[in-house]
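Numbers restart at 1 for each chain; the letters A, B, ... are given by sequence-line order, proteins then strands.
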Amino acid sequence: MAPKSKEEVIELLESISRLLELKGENVFKVRAYTNAARALETFTGDFAAAVTEGRLGEVAGVGAALQEKITEFVSAGALPYYEKLREEFPPGLFELFELQGLGPKKIKALWEQLDVINIDALEAACKDGRVAELKGFGEKTAGNILVSIQARRQYAGAFRFGDVAAEAETLLHELKQLPEVLHASLAGSYRRRKEVVHDLDFIVATRDAEPVSGFFVGHSNVETVLAKGATKSSVRLVGGIQADLRVVTPEEYPSALLYFTGSKEHNIALRSRALARGWTLNEYRLGPDDKAKIKPDPVPSIRSEKDLYAALGLDYIEPELREDRGEITAAEGHRLPHLVELENLRGTFHNHTTESDGRSSLKEMVSAAQELGLDYLGISDHSVSSFQAHGLDVGRLLKQVATIREMNERFDGEFKIFAGVECDILKDGTLDYPDDVLAQLDYVVASVHASFTQSQAEMTARLLRAMSNPYVTMLGHMSGRLLLSREAYAVDVPAVIDAAAQTKTVIELNANPRRLDMDWRWWPLAKEKGVLTSINPDAHHVSQLQYLWNGVGIARKGWLRPSDVINTLPLGKIEAQLSVKRSS
DNA sequence: GCCGTTTTCGGCCCGACTGTTTTCAGTCG
C-alpha cells in the first residue's frame, strides 16, 4: 500500500477535529487538529521525508502527540484512534454540519435525544414538531433548519468567482451611490480573488447605519433575509449566494476591511504582531492592549489599511496575497513583489473564432481587442482532433493564417494578429499537426482535450513529450479542471514545471472563470524555476476577452510580476519572446 | 493538543446576532 499523502493526512486531521467537536471535547484541543491541518496545507517541503525522518514536529502547530499519530497513519495506512472515534457516530451525522445554523452542540442534541442520524431524518423531525419541543430549540429553529436544508439542496454553497462577480460589483456600486455611504468595499475571499467563494462580504463606512442596512436587506436582488441587526445583516441573493453587510464608522473602516478580508490565518499572524507591540488588533481598531505586560508604544493614528500594516512594521500587502503563504515575512523584509495589473497587459493569446467553436468571427474578435486597448491578439482555434469543436484541418488552418497575414498589412504596425492554434496533445504526447505545419504559425498552444483518465505517470509523460516539441510555445489549461464540475486529471505538476523551465515552454494561466488553470498555488514555484506565463482568456466570444480581469486576479494571487507574464510585452518585443524556444 | 520575552502550566480571538430564554447558549465569521 502506498504511504498516505499529505492531503490524506489533512483530511484525517479535519475529520478527527469534527469528531472531537461532536464528542464535546475541549475546544482548544479541537482547534489544535484544525490548526495542524492548516499548517500542513502551507507546508511546502518534502512531506514524506519529513514524516520518515521525524521532522514533522518542526512544523508550527504539530506537536509530539500529532507527530506520532500522523506517522502511524502514514506508515501503517490507518489510525486506530481515528477508527474508534468514528465508530462512535453514525456516518450521516457529518452532513448536518453543512447546514447553516447547526453546530456541534445542536447536532449532538438532535442525535442523542431524537435519533437524528442524517439530513432526511432531521427534515422529518422538524416537520412533525419533535425538534421544536427539544430544550434549547423552538418553532423558529425548526423552521430555520428546514430553510437551511432547502438552501443546501439548491445551492451546495460554493460559487465560481466569475459567476458571482457581476452581481457583487453591481451591489457594491449601488451601495456606494447611497448618500449615507462614505466608503464601501467587498471583503472576504472575493476580495482575495479566490477561484471559488462561499459568500460575499460588504463593508460600509457611514455615520447613519439604518438606511444602509435597510437598503441592503430590501434590495430587489435579495431572496431571503437571514439576519438584520444594527451593524450586521445577512441575506441570500437570488443567485443563491449568501451576502453579509457590516456597517462601521469611518474610524473603524480600515480595521474592519482588514479583518473581514482575511484570510483568517493572515489575520492571526497580524494580531500576534500587534500583541508583541503591546497592542490589540480587532475588527474595530488597533489600540493599546490593557492586559499587556510590556509598556506599549503609543498607537499611531490609522486612516487606511496601509497605515495598519505600517504600524505593524510591514509593507502594504495586496489582498490577493493575504493567505499566510510567506507574505508577512516578505512584507517585513521589503521583498513583496510588485504585482501585475490589468493595465500591464498589452495583448493576449488563446482565443477562438467561428472557424472552430467560437461564437464571434475573426474580425469581431479583433475589433473587440482593439476596443479593449490591446495592441495584439493571438488566434488559436482548435486542431483537427477536436472534432466536437469543429477543429481545423491543415487546409483550413493555413487559409486562416493567410487571412491573418493579409489583415495585418492593413494595420500599418499599430496592431497585430498572431496566427496560432490550440493544438491537441494526443494520447501519446504527440501533436495533432506535423512540425512543418506548426512551423508556419507564430505560436502554438498545446492542450489536452481527451483521454483524461490516464494514470499520473502516463499523463505527465504525455505533457513532457508535448513540451519537448520546439514549436509548442505554451501549455494550455494544464490540469484540465473545470471548477465545481470536473476534477483535474492526475498530473505531476512540479515535474511539468521543471520541464517547462528546461524547454522554455510558457505555462498558460487560463483566465476562463471555469478553469483558472494552472492553479494559483503553483505559480510561486513556477516563478522560482523561471517559468513564464501568458494570461489567456480562452475566449469563445468577444465578451469573454473580459476574462483577462479574472486571470490577473489569479496571477496576483500567484505572486506574479509583469516580468513573469509574456503578454505584458509590447509589440516589437513579444515576437522575440514567441520564438525563443524554436530558435534556441 | 500546542506552545513558551506570560516558558512546563495555563492560556488558547472575540464580538454580533438569533432564539430561547428571563440572563444566556449556540452559531457564525
Side-chain angles (χ1 to χ4, degrees), chain A residues 13 16-17 20-21 23-39 56-70 81 96-110 131-145 147-148 157 187-190 197-203 209 213 217 225-235 242-248 252 255-256 258-285 289 291-295:
Chain A
L13 295 173
I16 293 177
S17 164
L20 294 176
E21 224 175 358
K23 258 184 102 128
E25 260 289 1
N26 179 322
V27 290
F28 298 109
K29 182 168 169 178
V30 171
R31 200 175 299 163
Y33 279 87
T34 52
N35 284 347
R38 262 192 220 109
L56 260 194
E58 292 171 19
V59 178
V62 179
L66 283 185
Q67 166 160 325
E68 193 181 324
K69 286 194 174 79
I70 293 170
Y81 168 76
L96 300 190
F97 280 98
E98 291 163 30
L99 298 174
Q100 169 94 27
L102 281 191
K105 298 279 165 47
K106 285 206 169 106
I107 291 173
K108 194 167 184 227
L110 288 165
V131 168
E133 286 167 13
L134 272 188
K135 184 166 161 24
F137 292 66
E139 290 292 345
K140 271 230 162 124
T141 304
N144 286 343
I145 291 173
V147 171
S148 297
S189 54
Y190 181 93
V197 298
H198 297 273
D199 60 8
L200 299 172
D201 299 292
F202 293 90
I203 312 295
S213 302
V217 299
V225 178
L226 301 169
K228 178 175 185 285
T231 64
K232 182 184 164 186
S233 303
S234 293
V235 299
Q242 179 174 331
D244 299 330
L245 172 73
R246 309 272 174 165
V247 184
V248 299
E252 294 164 341
S255 309
L258 181 77
Y259 182 88
F260 290 110
T261 296
S263 64
K264 203 194 292 176
E265 295 74 17
H266 180 85
N267 286 352
I268 288 169
L270 292 185
R271 194 172 306 115
S272 68
R273 288 183 76 87
L275 290 172
R277 288 164 171 73
W279 303 330
T280 168
L281 175 64
N282 58 32
E283 60 259 62
Y284 299 107
R285 68 191 61 83
D289 179 10
K291 288 173 287 188
K293 291 286 190 297
I294 61 170
K295 179 155 172 54

- Task: Determine the contact category for A:Ala60: base if any of its heavy atoms lies under 4.0 Å from a base atom, sugar-phosphate if only primed atoms, P, OP1 or OP2 are that close, otherwise nothing.
- Result: sugar-phosphate

- Message: Suppose we define a pair by two distances each less than 3.5 Å, Watson-Crick or G-U wobble; what does B:dT8 pair with here?
- Response: none

- Query: Expressed as a whole number of Å, how far does the C1' atom of B:dG1 sit from that of B:dT8?
  - Reply: 14 Å

Taking only nitrogen or oxygen atoms into account, show me every contact under 3.5 Å that the protein makes with nucleotides 25-29 of chain B, one pair per line with its distance.
| from | atom 1 | to | atom 2 | distance (Å) |
| --- | --- | --- | --- | --- |
| B:dT27 | OP1 | A:Gly103 | N | 2.7 |
| B:dT27 | OP1 | A:Gly103 | O | 2.9 |
| B:dT27 | OP1 | A:Lys106 | N | 2.9 |
| B:dT27 | OP2 | A:Lys105 | N | 3.3 |
| B:dT27 | O5' | A:Gly103 | N | 3.4 |
| B:dC28 | OP1 | A:Gly101 | N | 2.6 |
| B:dC28 | OP1 | A:Leu102 | N | 3.4 |

- Grab the CD-P distance between A:Gln67 and B:dC3 for me, whole Å please. 11 Å

- Query: Considering only the P atoms, how many Å lie between B:dC24 and B:dC9, rounded to the nearest integer?
  - Reply: 34 Å

- For A:Lys108, answer base if it contacts any base atom (sugar-phosphate contacts may also be present), sugar-phosphate if it contacts only those atoms, and nothing otherwise; contact means non-hydrogen atoms under 4.0 Å. nothing

Could you go over nucleotides 8-11 of chain B and give all protein N or O partners under 3.5 Å, atom names and distances?
none

- To the nearest 0.5 Å, what is the distance between CG (A:Asp201) and CG (A:Leu245)? 10.0 Å

- Return the 5'-most residue of the pair A:Gly63, A:Arg31 with respect to DNA chain B, ranking by each residue's nearest nucleotide. A:Gly63

- Gap between atoms OH and C1', on A:Tyr284 and B:dC14 respectively (whole Å): 10 Å

- Task: In sequence, state the C-alpha distance, the side-chain angles, and the governing distance for A:Leu56 and A:Leu66, and then conclude on side-chain contact (heavy atoms from CB on, under 4.5 Å).
- Result: CA-CA 9 Å; A:Leu56 260 194; A:Leu66 283 185; over 6 Å; no

- Task: Can you tell me the distance, in whole Å, between the NZ atom of A:Lys228 and the P atom of B:dC17?
- Result: 10 Å

- Quick one: closest heavy-atom pair of A:Val247 and A:Ser213, and the distance? CG2-OG, 3.7 Å

- If we take the P atom in both B:dT6 and B:dC14, what is their distance in whole Å? 16 Å

- Task: Would you mind telling me which of B:dA16, B:dG1, B:dC13 lies closest to the side-chain atoms of A:Arg271?
- Result: B:dC13

- Looking at A:Ala36 and A:Val62, what are the two nearest heavy atoms and their distance? CB-CG2, 4.2 Å

- For residues A:Ala243 and A:Phe202, report the shortest heavy-atom separation together with the two atoms involved. CB-CE1, 4.1 Å

- Item | Separation of A:Ser234 OG from A:Gln242 CD (nearest 0.5 Å) | 5.0 Å

- Message: Nearest whole Å is fine: how far is B:dC14 P from A:Trp279 CH2?
- Response: 18 Å

- Query: Nearest-Å distance, CG (A:Asn267) to P (B:dG15)?
  - Reply: 15 Å

- Message: Atom NZ of residue position A:Lys228 - does it have more than 12 heavy atoms of other residues, nucleotides or ligands inside 6.0 Å?
- Response: yes

Atom pairs, protein N/O to nucleotides 19-23 of chain B N/O, distance under 3.5 Å:
| from | atom 1 | to | atom 2 | distance (Å) |
| --- | --- | --- | --- | --- |
| B:dG19 | OP1 | A:Asn144 | ND2 | 3.1 |
| B:dG19 | O3' | A:Thr141 | OG1 | 3.0 |
| B:dT20 | OP1 | A:Gly138 | N | 2.7 |
| B:dT20 | OP1 | A:Gly138 | O | 3.2 |
| B:dT20 | OP1 | A:Glu139 | N | 3.4 |
| B:dT20 | OP1 | A:Lys140 | N | 3.4 |
| B:dT20 | OP1 | A:Thr141 | N | 3.2 |
| B:dT20 | OP1 | A:Thr141 | OG1 | 3.0 |

- Starting at CG of A:Leu270 and ending at C1' of B:dC13, how long is that distance when rounded to a whole Å? 13 Å

- Message: Work out how far the C1' atom of B:dG11 is from that of B:dT18, and round it to whole angstrom.
- Response: 30 Å

- Query: B:dT21 and B:dC12: how far apart are their C1' atoms, nearest whole angstrom?
  - Reply: 30 Å

- With A:Glu98, which residues qualify under salt bridge (charged side-chain N to carboxylate O under 4.0 Å, His left out), at least two apart? A:Arg152

- Only counting residues at least two apart or in another chain, list the ones meeting salt bridge (charged side-chain N to carboxylate O under 4.0 Å, His left out) with A:Arg273. A:Glu332

- Message: To the closest 0.5 Å, what do you measure between CG (A:Leu99) and CG (A:Asn144)?
- Response: 11.5 Å

- Task: Send over the distance from A:Leu56 CG to B:dC2 P, rounded to a whole Å.
- Result: 11 Å

- Item | B:dG29 to B:dT23 separation - C1' atoms, rounded to the nearest Å | 24 Å

- Message: Work out how far the C1' atom of B:dC28 is from that of B:dC13, and round it to whole angstrom.
- Response: 14 Å

- Considering only the C1' atoms, how many Å lie between B:dG26 and B:dT20, rounded to the nearest integer? 11 Å

- Which comes earlier along DNA chain B counting from the 5' end, the contact point of A:Leu66 or that of A:Ala227, where each point is its nearest nucleotide? A:Leu66

- Task: Given side-chain contact (heavy atoms from CB on, under 4.5 Å), test A:Arg246 with A:Glu283 step by step and report yes or no.
- Result: CA-CA 10 Å; A:Arg246 309 272 174 165; A:Glu283 60 259 62; 5.6 Å; no

- Sequence neighbours excluded, which residues qualify as side chain to side chain contact (heavy atoms under 4.5 Å, CB included) partners of A:Lys106? A:Leu102, A:Phe137, A:Thr141

- For A:Leu281 and A:Tyr259, what are the C-alpha separation, side-chain angles and deciding distance, and is it a side-chain contact (heavy atoms from CB on, under 4.5 Å)? CA-CA 9 Å; A:Leu281 175 64; A:Tyr259 182 88; over 6 Å; no

- Item | d(CD, A:Glu58; P, B:dG4) in whole Å | 14 Å

